Peer 1: 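Would you mind keeping the following structure in view while I ask a few things?
Whatever order the structure lists ligands and atoms in, that order sets their numbers, starting from 1. All values derive from a computational prediction rather than experimental measurement.
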Amino acid sequence: MKPHVVVYKKLPEHLLQRLQAECNVTLFDRITQDNRADFLAALKTAHGMIGASLPITNDMLEGAPQLRIASTISVGVDNFDLDYFRRRGLMLAHTPGVLTEATADTIFALILSTARRVVELAEYVKAGRWKGSIGEAQFGVNVHGKTLGLIGMGRIGSAVARRAHHGFGMPILYHNRRPDPEAERELDARYVSQDELLAQADFVCVMLPLNADTERLIGAREFALMKRSAIFINASRGRIVDEAALIEALQDKTIYGAGLDVFEVEPLPAESPLLQLPNVVALPHIGSATHETRLAMAELAVSNLLAGLRGEPVPHLAV
Ligand SMILES: NC(=O)c1ccc[n+]([C@@H]2O[C@H](COP(=O)([O-])OP(=O)(O)OC[C@H]3O[C@@H](n4cnc5c(N)ncnc54)[C@H](O)[C@@H]3O)[C@@H](O)[C@H]2O)c1
Ligand SMILES: O=C(O)[C@H](O)CO
């Protein structure tokens, strides 16, 4: 009998067909209040599930007694309780690597647009406010030659460091769970304590997974350690930062600006003070969102799922 798979995010047609060739598929393009009960009902007989952008609670999984593998179309696995997966002997697959370069590009876009005020000044032009030659009121700050501090020197952190070193001549400081000799050799990156990085970097970029160790890692104390000219970049997960403390640091100019792709609550609520701050560039969690990269992620997630259901080695298991 074919295994039953629940898909909870829209997949390209050819990937759906690949799944349907081997599995009975229940398809949801996305989960909403209206179809949530149907989704939970489908999980009751599911052997596999594939999707993204939905917290998968242990309660949901308790209702899926036959489940063998969940395949998330993301590298981040913070929508799942990893200990629960270990306890139940379930597999959790994810999509590292294929989104590294696209996400590093997004981070560089945040660095450049925040430092050079690209979004704010593009809006100034569109609003018809460009009436004469620009002056100091429109100046930004240099990116090239400035010090980049990376908290998290994994796949994406290293890809950002390569752009900064080779493209922008930026000295690199990093803090990680463990030193990275290759980054030190190739990129002249220097391993420092987190506090030293915060105090010395011109751009502080967080590129960590969200877990119990990293939740609210950056708060009022950490912003106070940064230079007043520092720009804070976060494209990893919103909950790594105490967002209220970030807003305060931006409002009272403890730091110069922030480039953000992720937030405590997503979508970012319309009433968020972040939206009122000219020194903030806020993006709607687009780190990996290019046609090519999202396709590669979906392909990898489908391959992971099918391998798990066939009992073959799964290319990328988080648990
Ligand atoms: N904005 C987006 O669309 C987007 C896209 C891709 C990834 N992400 C996020 O980025 C994260 C990182 O992705 P990656 O592929 O680079 O992962 P990775 O595992 O390769 O890198 C993470 C690095 O963080 C380090 N680390 C972990 N905990 C630490 C701690 N407490 N202190 C210091 N260092 C610590 C690890 O040693 C590792 O080197 C993902 O988990 C995801 O949440 C966001
Ligand atoms: O973790 C990831 O892969 C990104 O946040 C995209 O969802």
Side-chain angles (χ1 to χ4, degrees), residues 8-10 30 50-56 71-80 82 92-111 149-163 172-184 187 189 191-198 204-219 222 233-241 258-264 266-268 281-290 293-301 304 316-319:
Y8 59 96
K9 176 141 186 147
K10 195 169 168 51
R30 60 204 291 259
I50 180 167
S53 317
L54 179 74
I56 302 296
S71 180
T72 178
I73 312 169
S74 64
V75 65
V77 288
D78 44 286
N79 274 333
F80 303 84
L82 306 194
L92 175 61
H94 67 149
T95 62
V98 291
L99 45 51
T100 295
E101 300 300 333
T103 308
D105 287 347
T106 302
I107 292 168
F108 239 88
L110 282 173
I111 291 174
L150 281 160
I151 305 180
M153 185 67 116
R155 289 171 291 253
I156 300 170
S158 315
V160 173
R162 283 196 298 279
R163 284 159 176 72
I172 292 158
L173 303 177
Y174 76 103
H175 184 72
N176 203 39
R177 272 192 303 215
R178 59 192 76 83
D180 180 339
E182 202 177 311
E184 296 185 12
L187 307 171
Y191 186 88
V192 291
S193 70
Q194 185 173 293
D195 283 2
E196 190 178 344
L197 182 151
L198 294 171
V204 174
C205 176
V206 178
M207 214 51 239
L208 296 168
L210 172 64
N211 56 39
D213 292 336
T214 60
E215 185 154 16
R216 294 200 159 216
L217 187 75
I218 307 294
E222 286 68 33
I233 305 289
N234 185 12
S236 40
R237 286 293 182 264
R239 279 163 49 206
I240 292 174
V241 179
L260 307 168
D261 188 42
V262 291
F263 304 89
E264 259 177 24
E266 295 179 10
L268 183 61
V281 174
L283 298 178
H285 201 144
I286 60 162
S288 62
T290 66
T293 297
R294 284 293 168 89
L295 179 60
M297 291 164 69
E299 279 170 349
L300 183 51
N304 284 335
H316 292 287
L317 274 185
V319 174

Peer 1: I'd like to check which ligand 2 atoms, numbered from 1 as shown, lie under 4.0 Å from a non-hydrogen atom of Leu99.
Peer 2: 3 (O)
Peer 1: Taking Leu217's backbone N and O only, do any of them form a donor-acceptor pair with Thr214's side chain (distance below 3.5 Å, no angle check)?
Peer 2: no
Peer 1: Hey, is ligand 2 close enough to Thr95 that some N/O pair sits below 3.5 Å?
Peer 2: no
Peer 1: Is a side-chain N or O of Thr100 found less than 3.5 angstrom from the main chain of Ile156, in a donor-acceptor match?
Peer 2: no
Peer 1: Measure the CG-CD1 distance between Leu99 and Ile73 for me, rounded to the nearest 0.5 Å.
Peer 2: 11.5 Å
Peer 1: Are more than 12 heavy atoms, taken from residues, nucleotides or ligands other than Glu266, located less than 6.0 Å from that residue's CD atom?
Peer 2: yes
Peer 1: Protein residues near ligand 1, heavy-atom distance below 4.0 Å?
Peer 2: Val75, Gly76, Leu99, Thr103, Gly152, Met153, Gly154, Arg155, Ile156, Asn176, Arg177, Met207, Leu208, Pro209, Thr214, Ala235, Ser236, Arg237, Asp261, Val262, His285, Gly287, Ser288
Peer 1: Quick test: of every protein heavy atom, which one is nearest to atom 3 (O) of ligand 2, and how far off is it to 0.1 Å?
Peer 2: Val75 N, 2.7 Å
Peer 1: Using side-chain heavy atoms (C-beta onward) and a distance below 4.5 Å, is His175 in contact with Leu208?
Peer 2: no
Peer 1: Look at the side chain of Tyr174 and the backbone N and O of Ala183, then say whether any donor-acceptor pair between them is shorter than 3.5 Å.
Peer 2: no
Peer 1: Are any side-chain N or O atoms of Glu215 and backbone N or O atoms of Ala212, one a donor and one an acceptor, separated by less than 3.5 Å?
Peer 2: no
Peer 1: Which atoms of ligand 2 sit under 4.0 Å from any heavy atom of Gly76?
Peer 2: 1 (O), 2 (C), 3 (O)
Peer 1: Could you grab the distance from atom OG1 of Thr293 to atom CD1 of Ile286, nearest 0.5 Å is fine?
Peer 2: 11.5 Å
Peer 1: Got the closest protein heavy atom to atom 4 (C) of ligand 2, with its distance?
Peer 2: His285 NE2, 3.8 Å
Peer 1: Check each atom of ligand 2 against the heavy atoms of Ser288 and keep those under 4.0 Å away; list them by number with element.
Peer 2: 6 (C)
Peer 1: Using a strict 4.0 Å cut-off to heavy atoms of Ser74, name the atoms of ligand 2 that fall inside it.
Peer 2: 1 (O), 2 (C), 3 (O), 7 (O)
Peer 1: For atom CZ of Arg163, is the number of surrounding heavy atoms from other residues, nucleotides or ligands below 6.0 Å larger than 12?
Peer 2: yes
